[in-house]
Amino acid sequence: MILINYKGYIMKKMILFCTCCMLSFATVSAQEPENWARFRGPNGQGISNATGLPLTWSSTENIAWKTDIPGEGWSSPIVWNDHIFLTTATEEGKNCHVIALDRKTGKIRWNKLVFTQPANQHRHEMNSYATPTPVTDGKSVYAVFAGGSFVSLDFDGNIQWINSDLQFYSHHGMGTSPILYGDLLLLAVDQSNRGEPRGLGWQTPWDKGYLLALDKNTGKERWKGMRGMSRLGHSTPVILKVNGKDQIISPAGNVLQGFDPADGKVIWTVSNFGEPCVPSVAIGDGLVYTTTTPTEPIRAVRPDGQGDCTATHLAWEQKGSSPMMGSFLYVKPSLYSSADGGYFASLNANTGEVNWRLLLRIGALNPSPIYADGKIYVLSEQGTTAVLKPSADPKQEPEIIAKNELGERSRASIAVAGKQLVIRTAGQLWCIGK
């Protein structure tokens, strides 16, 4: 009898323990979606696990808040819990600021002048002096500006370190964004010649492009991964595990490459064509998708090669649907591209066959699209967002759920914050949703 009661007691305890575990797992799964901690969110793919995001809005409807942002900059906002960070430049690009806002209210927590850089640097008219999107690990926020100087700040706006060793120059200015990998802060440095010959590194390949790794805790250089012959670019790297080992996937003008994060050495190279390389890559089903300019094809590359594997690792290429600026979006089984001329295109990700090309009629599709809860959000430079629902048949055009206008120019990409969207326009930051 005592034994039966003891077993019953144990059984009750086990049931209670299992119930608590189930509740614990339920609590974890019910947490808010992942933080949007870098350019294009988790691993730079523009995909969120958020649900219940807004579908319709205007400049006056379904707006949680909007906040005036001083200066000029096209860095996209990033989100960590109740913090939003972005950068801006004032005084014709001279003064570099990192700004933190409260996600719930839009109130500016702090606006930190971190350093100055030469004003009126050479840049493309579509670029800014604060285009690189910052990145955060939840403790510090890291930013880089047009001149090449880096800064690390804590969440209270205190400067932890500054590194101004990189004297960056590009015919188009700086457009790539830093990313984090472990304790490394990474930046693709794909520049061009500051003096004569003017076209070196821009129109003509040179050997000065590289991937830079800084120690995120000190700001000191850890390594430089030299590309070899390449041209300028503005594409942000991504991390991909290949055969059990991480690689840093980074394209530039004329090349797509995989780097070893341990020492920055190039593992493989596939030749590309054209410059500048602006769109960031998409990854999926063992392939890397890249392009350079709208006149060049989209290329799908197998990233498991060694050395120059252009002849062996090009899976397919397809002309006519390449983006100029917007990054790719991979949602199995399709690869989506903000094609030139205001078209949004879908390709079979395995073969490159075009599923459809849809003229959205919302303007130039230069910001990068995102995907969440079965919907694709395509923001235009004119500040209009088309919300698309893909069909179960990949070859069938998607349903256009809504076209939402803010009435302000935008070249930044959308960020996801809980069940809300955060959009930067020329003068304001908008929080869309309840």
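In this text the structure is predicted, and so the values were computed from the model without any measurement.
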Determine whether W430 and T425 satisfy the following criterion, side-chain hydrogen bond (donor to acceptor under 3.5 Å, both in side chains), listing intermediate values before the conclusion. CA-CA 8 Å; W430 305 70; T425 59; 2.9 Å; yes

Of [options], which meets side chain to side chain contact (heavy atoms under 4.5 Å, CB included) against [X]?
X	options	value
F145	F168, F115, Y129	F115
H97	V114, T90, L86, T87	T90
R38	L180, I179, T136, D137	I179

Heavy-atom pair of closest approach, residues V378 and I362: O-CD1, 3.5 Å

Minimum heavy-atom distance between W36 and I414, given as atom pair plus value: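 Smallest heavy-atom distance, with atoms named: NE1-O, 3.6 Å.
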
How far apart are the C-alpha atoms of R198 and N193, what are their side-chain angles, what is the distance that settles it, and do they pass the side-chain hydrogen bond (donor to acceptor under 3.5 Å, both in side chains) test? CA-CA 6 Å; R198 182 167 172 264; N193 195 26; over 6 Å; no

Is it true that [X] and [Y] make a salt bridge, defined as a side-chain N closer than 4.0 Å to a carboxylate O?
X	Y	result
R227	D190	yes
R103	D82	yes
K139	D154	no
K220	D215	no
D183	R222	yes

With no hydrogens and no angle check, do the side chains of S140 and Q160 hold a donor and an acceptor under 3.5 Å apart?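 There is such a pair (donor and acceptor under 3.5 Å, judged by atom type) between the side chains of S140 and Q160.
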
Distance-only donor-acceptor check, side chains E34 and N49, under 3.5 Å: yes

How far does NZ of K66 sit from CD of Q428, to the nearest 0.5 angstrom? 5.0 Å

Aromatic rings H234 and H172: how do their planes relate, parallel, tilted or perpendicular, breaks at 30° and 60°?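 It falls in the tilted class, 30° to 60°.
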
Check the orientation of F344 and W356. Use parallel for under 30°, tilted for 30 to 60°, and perpendicular for over 60°. tilted

Under the criterion side-chain hydrogen bond (donor to acceptor under 3.5 Å, both in side chains), I'd like the reasoning laid out for S250 against Q257: C-alpha separation, chi angles, the key distance, then a yes or no. CA-CA 5 Å; S250 179; Q257 295 171 312; over 6 Å; no

Apply side-chain hydrogen bond (donor to acceptor under 3.5 Å, both in side chains) to residues N366 and R411 and explain how you reach the verdict. CA-CA 6 Å; N366 291 327; R411 290 182 183 140; over 6 Å; no

Can you check salt bridge (Lys or Arg N to Asp or Glu O under 4.0 Å) on D102 and K107, steps first, answer last? CA-CA 5 Å; D102 186 289; K107 180 180 179 181; over 6 Å; no

Stepwise ring pair (Phe, Tyr, Trp, His ring centres under 6.0 Å) check, F85 with F155: CA-CA 10 Å; F85 300 101; F155 272 32; 4.9 Å; yes

